[in-house]
Amino acid sequence: MGFYQSVYEAVKRIPEGKVATYGQIAFLTGRPRAARIVGFALHVNPFPGKVPCHRVVNRDGRLASSFAFGGEEVQRAMLLKEGVRFTESGFVDMDKCGWDGNEL
DNA sequence: ATGCTGACCGAGC
DNA sequence: CGCTCGGCCAGCA
């Protein structure tokens with residue numbers, strides 16, 4: 001069991017209608033500076049239905065450059081379906097949908 | 001152990 | 001406001 005496993009556990013804690021940044025996940029795993037590892041962890045092991053990697057975005061609120069499930073458009077559709085709001089620029093509204101990481 | 005890589009983040013120009 | 005650079009940390013050859 002490596003750091004990746006901890007990442008998946010943290011991502012699964014993200015509630016619907018909310019999104020978290022890679023840095024946020026990294027913080028929950030105990031490695032606030034390991035945001036890059038978080039991204040790569042989801043990239044190499046995107047468990048469909050188990051780890052909602054579509055709820056994980058970068059600090060800009062923008063979706064990942066390479067989404068494992070198909071593409072940014074697919075990710076955006078799933079987030080909209082869950083109730084996540086988007087800005088005119090096509091970014092996630094972090095102000096309302098930004099997960100504190102400690103609400104639950 | 002060393003070096004390279006990577007879905008990042010923050011600061012600087 | 002947009003791009004570039006360095007730092008950070010885990011996994012792999």
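Bear in mind that the values here come from a model prediction, so they are computed numbers and not experimental data. Proteins get letters first, then strands, A, B, ... in listed order; numbering begins at 1 in each.
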Round to a whole Å and report the spacing from CD of A:Gln5 to P of C:dG11.
11 Å
For the pair made of CZ in A:Phe91 and P in C:dC1, what is the distance, rounded to whole Å?
11 Å
Quickly work out the A:Arg33 CZ to C:dG7 P distance and round it to whole Å.
13 Å
Could you tell me whether A:Ala64 contacts a base, only the sugar-phosphate backbone, or nothing, with contacts defined as non-hydrogen atoms closer than 4.0 Å?
base
Atom CZ of A:Arg59 and atom P of C:dC8: how far apart are they, to the nearest Å?
17 Å
Give the rounded distance in Å between these two atoms: CG of A:Leu63 and C1' of B:dA7.
11 Å
Take a 6.0 Å sphere around CZ of A:Arg62 and say whether it holds more than 12 heavy atoms from other residues, nucleotides or ligands.
yes
Can you tell me the distance, in whole Å, between the OH atom of A:Tyr4 and the C1' atom of C:dC12?
9 Å
Sugar-phosphate only, base, or nothing, as touched by A:Tyr22 at under 4.0 Å among non-hydrogen atoms:
base
Nearest listed nucleotide, side chain of A:Ala35, among C:dC9, B:dC8, B:dA7:
B:dC8
When the distance from CG of A:Asn58 to C1' of B:dC9 is rounded to whole Å, what number comes out?
10 Å
Report the relative orientation of the aromatic rings in A:Tyr8 and A:Tyr4; use parallel for angles under 30°, tilted for 30 to 60°, perpendicular for over 60°.
perpendicular
Mark yes or no for a side-chain to base donor-acceptor pair under 3.5 Å between A:Arg36 and C:dC8, with no hydrogen or angle criteria applied.
yes
Let's see if you can work this out: which of B:dC9, B:dA7, B:dG6 has an atom nearest to the side-chain heavy atoms of A:Leu42?
B:dA7
What's the CG-C1' distance between A:Asn45 and B:dA7, to the nearest Å?
14 Å
Test item: A:Asn58 side-chain N/O and A:Gly61 main-chain N/O as donor-acceptor pair under 3.5 Å
yes
With heavy-atom distances below 4.5 Å as the criterion, would you say the side chains of A:Met94 and A:Val19 are in contact?
yes
